[in-house]
Amino acid sequence: MKSDLTTRHGGKILADALVAQGVKMAFGVPGESYLPLLDGMHDVRDRLQFIVCRQEGGASYMAEAYGKLTGEPGVLLVTRGPGATNGSVGMHTGFQDSTPMVMFIGQVGGDMVEREAFQEIDYRRMYGQMAKWVAQIDRVERIPEYVSHAFHTALAGRPGPVVLALPEDMLFAEAAVADVERAHVVRPGVSAFQINELKNLLERARSPFVIVGGGGWTREATQKLQKWAEAAGLPVGNSFRCQDLFDNRSPSYAGDVGIGINPKLARRVKDADVLLVIGARLGEMTTSAYTLLEAPQPRQTLIHVHAGTEELGRVYRPALAINAGYPQFVEGLASISLPQGTWREATKEARGEYLEWSEPRPMPGSVQYGEIIRWLSSNLPEDAIIAGGAGNFASWLHRHFTYKGFRTQLGPTNGSMGYGYPAGVAAKLAAPKRSVLAICGDGDFLMNGQEIATAVQHGANFVALVVNNGLYGTIRMHQEREYPGRVFGTDLRNPDFAAYARAFGAHGETVERTEDFATAYERAAKAGKPALIELRIDPDAITPATTLSAVREKALKSKQ
Ligand SMILES: Cc1ncc(C[n+]2csc(CCOP(=O)(O)OP(=O)(O)O)c2C)c(N)n1
Ligand SMILES: [Mg+2]
């Protein structure tokens with residue numbers, strides 16, 4: 001058989017392997033360390049688009065957002081040393097977000113490895129804690145096998161990032177090998193016995209609560225779960241930055257179990273007798289720093305469903321642990337119907353509390369940011385994708401935006417700044433027909449603002465909002481709480497963001513009054529190019545519920 005195969009160099013074998021895996025888009029910054037791969041991609045450029053970025057940090061976020069949005073591994077190409085270190089932020093994000101990703105790093109040749117050659121790093125050690133698997137392909141003929149293993153690993157169980165290092169001499173070498181077919185998605189099923197045990201526990205429950213989260217869902221699975229929960233009248237909350245896994249308009253939806261949680265919702269989770277947790281890891285943000293459930297033995301009867309075996313019993317000892325993929329689990333769930341539970345009234349109450357909580361409160365200044373989020377929530381198409389980063393500006397988004405279905409939210413659960421803009425670029429490129437809005441802070445945006453160039457170059461015509469308070473606001477808030485009045489290192493002197501956008505060839509404008517937002521948004525959305533709106537908010541408006549001066553005052557009083 002082998003004699004029928006044409007001889008290809010490593011870069012071409014790898015490019016063809018990516019096409020065989022169904023990869024349509026890869027993100028990265030080129031390097032001299034992987035020229036043969038670029039050469040191989042030249043031949044398949046009609047099937048595999050290379051999105052050339054301006055910094056590997058932005059590229060890695062784009063690959064992560066692509067993986068999160070599509071459920072297919074986001075592919076990232078970077079050069080050795082500096083490229084690999086710049087690109088780490090998206091890998092850390094992908095790891096904490098359970099996002100399938102495959103990163104390829106150019107590596108020094110085998111003839112000089114282990115000498116600390118130019119830009120040499122051992123990626124197995126560097127990425128050990130940020131990836132599901134890190135390997136180096138030392139033999140050109142084994143490229144298809146490694147790529148197949150990488151894609152299987154990224155997608156299996158709890159999805160996550162994989163790293164493959166590519167020694168330069170291996171990429172230049174030639175071999176005659178066959179491609180391998182596309183990877184399977186390997187996730188365990190659920191047994192009738194487990195579903196029956198779950199039924200027994202839920203039937204006896206008086207105040208149950210369901211939490212949905214994590215990576216590895218499908219649209220169908222989220223819709224089936226919603227139908228089932230609604231029929232059972234169960235209250236459901238979404239875990240931190242997974243607010244799009246359960247339609248927020250559902251009568252069963254009770255709010256997000258994340259950062260700045262509605263205290264009434266926190267009470268409900270704490271007081272639940274049975275907690276059915278599907279897909280969420282029950283991390284620090286979802287558990288309000290491990291207080292909603294006590295570790296390691298929660299007071300609630302915990303039914304924990306997770307696709308990763310290692311996550312079950314990791315922090316919390318569940319009463320029932322089910323290792324299953326979520327589509328598989330939901331399929332099993334659909335076979336049981338629960339009696340008309342006594343919890344229906346409580347679900348109605350929880351729903352009422354959520355609706356009250358999501359109404360914006362007045363804040364200082366001429367821009368009512370909460371009202372703007374409500375306007376966006378009502379006026380954007382139902383399937384619009386909202387990409388957000390990290391900072392206090394995101395709390396208005398979490399609290400006031402109604403997510404209407406699967407993959408309408410892209411956010412970093414690791415709270416990594418600079419995510420929103422590049423995630424917006426990737427979302428628009430992956431789903432060009434959908435409206436995309438990135439919501440960024442002033443600090444957050446400039447961590448990857450240069451990727452406007454990428455949006456312009458590749459025609460990612462979406463709108464970004466930069467919420468400018470002239471502060472690293474989150475840190476200022478904590479600073480005022482811990483050390484009131486001792487402001488240090490948290491003020492920002494910002495550029496004119498609209499002019500910055502225009503310098504890249506994008507549309508840019510500034511909004512300083514609530515009433516000017518809607519028309520500014522319409523202009524931006526119709527600009528026919530990437531657009532940016534700077535929203536100048538009052539720095540005193542530090543959260544949707546309180547002011548910076550109130551935080552300081554309270555802290556000063558408590559220290560007296
Ligand atoms: C990459 C990264 N660096 C630093 C931090 C710490 N941090 C969290 S929020 C924040 C400030 C965010 O500022 P901005 O984007 O302006 O949003 P604001 O809080 O002012 O609304 C910082 C520095 C982080 N989460 N991620
Ligand atoms: Mg800010």
Side-chain angles (χ1 to χ4, degrees), residues 55-62 64-65 85-97 130 240-241 258-260 283-285 289 363-365 367-370 372-373 386-401 411-424 438-451 464-482 487-497 500 510-512 532-549 551-552:
Q55 215 264 22
E56 292 85 353
S60 69
Y61 278 145
M62 287 184 211
E64 199 280 342
T85 46
N86 271 350
S88 61
V89 72
M91 301 299 279
H92 171 51
T93 306
F95 194 82
Q96 292 229 309
D97 265 294
M130 271 183 273
F240 180 54
R241 292 197 172 137
I259 210 166
E284 181 183 342
M285 292 299 149
M363 60 184 241
V367 168
Q368 294 299 310
Y369 176 34
I372 288 171
I373 296 290
I386 315 298
N392 270 28
F393 66 92
S395 7
W396 280 264
L397 182 60
H398 295 324
R399 186 156 165 181
H400 305 305
F401 196 87
T413 63
N414 65 342
S416 192
M417 286 172 72
Y419 182 82
Y421 195 86
I439 301 196
C440 317
D442 48 338
D444 168 80
F445 172 73
L446 275 185
M447 287 211 172
N448 281 305
Q450 78 285 348
E451 299 302 341
L465 206 60
V466 176
V467 184
N468 183 4
N469 58 1
L471 301 173
Y472 279 136
T474 306
I475 314 306
R476 172 68 67 82
M477 175 182 73
H478 292 305
Q479 192 166 59
E480 292 285 10
R481 199 191 56 226
E482 300 293 335
V487 170
F488 192 77
T490 48
D491 276 330
L492 293 174
R493 183 167 165 182
N494 282 319
D496 174 343
F497 288 103
Y500 176 86
T510 310
V511 168
E512 295 186 76
L532 181 151
I533 301 172
E534 176 187 341
L535 196 61
R536 294 211 177 128
I537 68 164
D538 190 320
D540 200 35
I542 199 66
T543 76
T546 191
T547 59
L548 208 45
S549 29
V551 173
R552 179 187 284 193

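Start at 1 and go down the list; that is how both ligands and their atoms are numbered.
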Legend entry - Interfacing atoms of ligand 1 (cut-off 4.0 Å, heavy-atom, G473): 13 (O), 18 (P), 19 (O), 20 (O)
Inset, instruction - If you have a sec, work out which protein heavy atom is nearest atom 16 (O) of ligand 1 and how many Å separate them, to one decimal? - result: D442 OD1, 2.5 Å
Inset, instruction - Around atom 14 (P) of ligand 1, find the nearest protein heavy atom and jot down its residue, atom name and distance. - result: G443 N, 3.6 Å
Legend entry - Reported OH-to-CG distance for the pair Y421 and D444, which is rounded to 0.5 angstrom: 12.5 Å
Inset, instruction - I would like to know whether Y419 and E64 meet side chain to side chain donor-acceptor pair (under 3.5 Å); could you show each step before the answer? - result: CA-CA 10 Å; Y419 182 82; E64 199 280 342; 2.6 Å; yes
Legend entry - Distance, nearest 0.5 Å, that separates OG1 of T474 from CD1 of I542: 7.0 Å
Legend entry - Nearest-0.5 Å distance, CG of residue L471 to CE of residue M477: 11.5 Å
Legend entry - From F445 atom CZ to L465 atom CG, the distance as rounded to the nearest 0.5 Å: 11.0 Å
Legend entry - Shortest non-hydrogen separation from M363 to A541 and the atoms involved: CE-CB, 3.7 Å
Inset, instruction - List every atom of ligand 1 that sits less than 4.0 Å from any heavy atom of G391, numbering the atoms from 1 in the order shown and giving each element. - result: 9 (S), 12 (C), 17 (O), 19 (O)
Inset, instruction - Consider every N or O of S416 and every N or O of ligand 1, then say whether any pair is closer than 3.5 Å. - result: no
Inset, instruction - Determine whether any heavy atom of G415 lies closer than 4.0 Å to an atom of ligand 1. - result: yes
Legend entry - the Mg ion (ligand 2): angle it makes with OD1 (D442) and O (L471), nearest 10 degrees: 100°
Inset, instruction - Go through ligand 1 atom by atom and flag the ones less than 4.0 Å from a non-hydrogen atom of N469. - result: 18 (P), 20 (O), 21 (O)
Legend entry - Distance (rounded to the nearest 0.5 Å) between R241 CZ and Q96 CD: 11.5 Å
Legend entry - Sub-3.5 Å N/O-N/O distance, M417 and ligand 1: yes
Legend entry - ligand 1 contact on I475 by region, counting heavy-atom pairs under 4.0 Å: side chain
Legend entry - Those atoms of ligand 1 less than 4.0 Å from some heavy atom in G441: 15 (O)
Legend entry - Reported CD-to-OH distance for the pair E534 and Y500, which is rounded to 0.5 angstrom: 13.0 Å
Legend entry - Metal proximity, Y472 vs the Mg ion (ligand 2), N/O/S cut-off 2.8 Å: no
Legend entry - Polar contact flag, side-chain donor to acceptor under 3.5 angstrom, T543-N392: no
Legend entry - Ligand-residue contact atoms, ligand 1 with D444, heavy atoms, under 4.0 Å: 14 (P), 15 (O)
Legend entry - Heavy atom of the protein closest to atom 17 (O) of ligand 1 (residue, atom name, distance): F393 CD2, 3.3 Å
